[in-house]
Amino acid sequence: MKREVIAICPGSFDPVTNAHLDIIERGRKLFDKVIVSVLVNLEKEPLFTVKERMAMLTDVTNQWDNVEVDQFEGLLVNHAASRNVCAILRGIRAVSDFDYEFQMALMNRRLGDVETIFLVPAEAYTYLSSSLVKEVVALGGSVEGLVPAEVERLLRRKLESL
Ligand code: PNS
């Protein structure tokens with residue numbers, strides 16, 4: 001039987017943006033399956049809980065039958081090995097992403113002998129980040145076209161409740 005070629009797309013996804021979705025969609029065309037894995041980060045204080053972030057991701061990726069959403073704690077390489085993935089999938093938006101991504105890719109290869117595949121999102125998303133989206137919404141601006149409509153709605157609701 002042919003082995004499934006699976007990639008893992010890890011991140012904070014606080015919240016998922018159209019740049020993330022762009023990378024996931026490109027990845028799912030290259031791999032048999034993409035596992036979108038939400039980091040349970042015990043130090044950082046995210047805006048959305050892991051459960052909320054996973055629910056949003058599941059909602060916006062359920063149109064794709066070869067995309068799965070899960071979560072992980074601890075080292076990514078350990079989770080990647082437990083899910084039998086053959087590559088880590090990350091997006092590079094601009095040169096400014098490169099140093100950090102390069103370091104992580106080399107560290108992950110050293111720790112877990114796993115390769116990292118980088119994809120580039122559509123040009124329209126090169127400046128897009130979850131942090132900027134949160135800041136714009138908190139200050140009353142529109143993020144239409146930058147996140148799915150439902151994510152924008154949840155973001156407004158969450159920020160209003162703080
Ligand atoms: O969306 P982000 O915050 O840029 O994603 C960063 C992420 C989750 C990919 C990275 O912080 C990570 O893999 N953390 C898990 C802990 C780990 O394995 N650290 C060593 C990585 S070199």
Side-chain angles (χ1 to χ4, degrees), residues 5-28 30-31 33-61 64 67-138 143 145-148 150-152 154-155 158-159:
V5 183
I6 306 173
I8 190 162
C9 182
S12 306
F13 302 105
D14 188 39
V16 58
T17 67
N18 286 349
H20 294 128
L21 290 175
D22 181 289
I23 295 296
I24 295 165
E25 185 174 15
R26 287 174 203 280
R28 80 171 203 95
L30 298 173
F31 295 93
K33 179 164 146 183
V34 172
I35 301 171
V36 181
S37 217
V38 179
L39 172 69
V40 179
N41 193 336
L42 304 172
E43 283 143 38
K44 250 200 215 170
E45 230 186 75
L47 180 64
F48 291 99
T49 64
V50 172
K51 207 171 151 202
E52 288 169 330
R53 285 180 273 157
M54 284 181 70
M56 278 187 268
L57 275 165
T58 303
D59 185 43
V60 295
T61 61
W64 300 316
V67 175
E68 184 192 320
V69 178
D70 78 357
Q71 65 180 74
F72 77 103
E73 233 178 281
L75 283 180
L76 172 63
V77 289
N78 292 344
H79 183 57
S82 76
R83 297 298 320 262
N84 289 318
V85 314
C86 62
I88 295 168
L89 172 63
R90 293 283 289 174
I92 292 218
R93 291 161 302 184
V95 180
S96 50
D97 283 340
F98 186 76
D99 280 353
Y100 175 56
E101 294 297 335
F102 189 68
Q103 276 183 336
M104 279 206 301
L106 289 176
M107 183 60 86
N108 282 328
R109 188 194 277 158
R110 181 194 164 96
L111 290 170
D113 195 22
V114 59
E115 299 298 341
T116 300
I117 307 280
F118 296 110
L119 292 180
V120 176
E123 282 164 66
Y125 301 137
T126 48
Y127 60 90
L128 181 55
S129 71
S130 299
S131 324
L132 269 187
V133 162
K134 283 184 278 196
E135 185 176 327
V136 169
V137 173
V143 289
L146 301 180
V147 296
E150 179 60 5
V151 171
E152 181 169 4
L154 292 169
L155 200 44
K158 174 68 91 177
L159 289 166

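Whatever order the structure lists ligands and atoms in, that order sets their numbers, starting from 1. Sequence positions, counted from 1, serve as the residue numbers for this chain.
Taking only nitrogen or oxygen atoms, main chain and side chain alike, Arg90 reaches within less than 3.5 Å of ligand 1. On a distance-only criterion, Val77 and ligand 1 share no N/O pair closer than 3.5 Å.
Using a 4.5 Å heavy-atom threshold, the side chains of Leu155 and Leu47 count as touching. Between Met54 and Leu57 there is no side-chain heavy-atom pair separated by less than 4.5 Å. In this structure, Tyr125 and Asn18 have side chains that are in contact, with non-hydrogen atoms separated by less than 4.5 Å. When side chains are defined from C-beta on, Phe72 does not count as touching Val38, because their heavy atoms never get closer than 4.5 Å. Within the 4.5 Å cutoff, no side-chain heavy atoms of His20 are placed close to those of Cys9.
The one candidate from Glu45, Glu52, Lys134 that meets the side-chain contact (heavy atoms from CB on, under 4.5 Å) condition with Asp14 is Lys134.
Salt bridge Asp97/Arg90: absent, no basic N to carboxylate O contact under 4.0 Å.
Using a 4.0 angstrom heavy-atom cutoff, Ser130 does not count as in contact with ligand 1.
When the heavy-atom distances from atom 21 (C) of ligand 1 to Val38, Leu111, Thr116, Asn108 are ranked, the shortest goes to Asn108. Between atom 15 (C) of ligand 1 and the options Gly74, Cys9, Pro10, the minimum heavy-atom separation is to Gly74.
Nearest to atom 11 (O) of ligand 1 among the protein's heavy atoms is Tyr100 OH, 3.9 Å. Looking only at heavy atoms of the protein, atom 3 (O) of ligand 1 is closest to Ser12 OG, 2.6 Å. Atom 10 (C) of ligand 1 has its closest protein heavy atom at Met104 SD, 3.9 Å. From the protein, the heavy atom lying nearest to atom 8 (C) of ligand 1 is Leu39 CD2, 3.7 Å.
We find the CD1-CZ distance between Ile23 and Phe118 to be 11.0 Å, quoted to the nearest 0.5 Å.
Of all the heavy atoms of Leu75, the ones lying under 4.0 Å from any atom of ligand 1 are found in both the backbone and the side chain.
Contact detail for Ile92 and Phe98: the closest heavy-atom pair is CD1-CD1, 4.0 Å.
Taking every heavy atom of Phe72 and a limit of under 4.0 angstrom, the matching atoms of ligand 1 come to 15 (C). Under a 4.0 Å criterion applied to the non-hydrogen atoms of Leu76, ligand 1 contributes the atoms 13 (O), 17 (C), 18 (O). Taking a cut-off of under 4.0 Å to the non-hydrogen atoms of Met107, the atoms of ligand 1 that pass are 22 (S).
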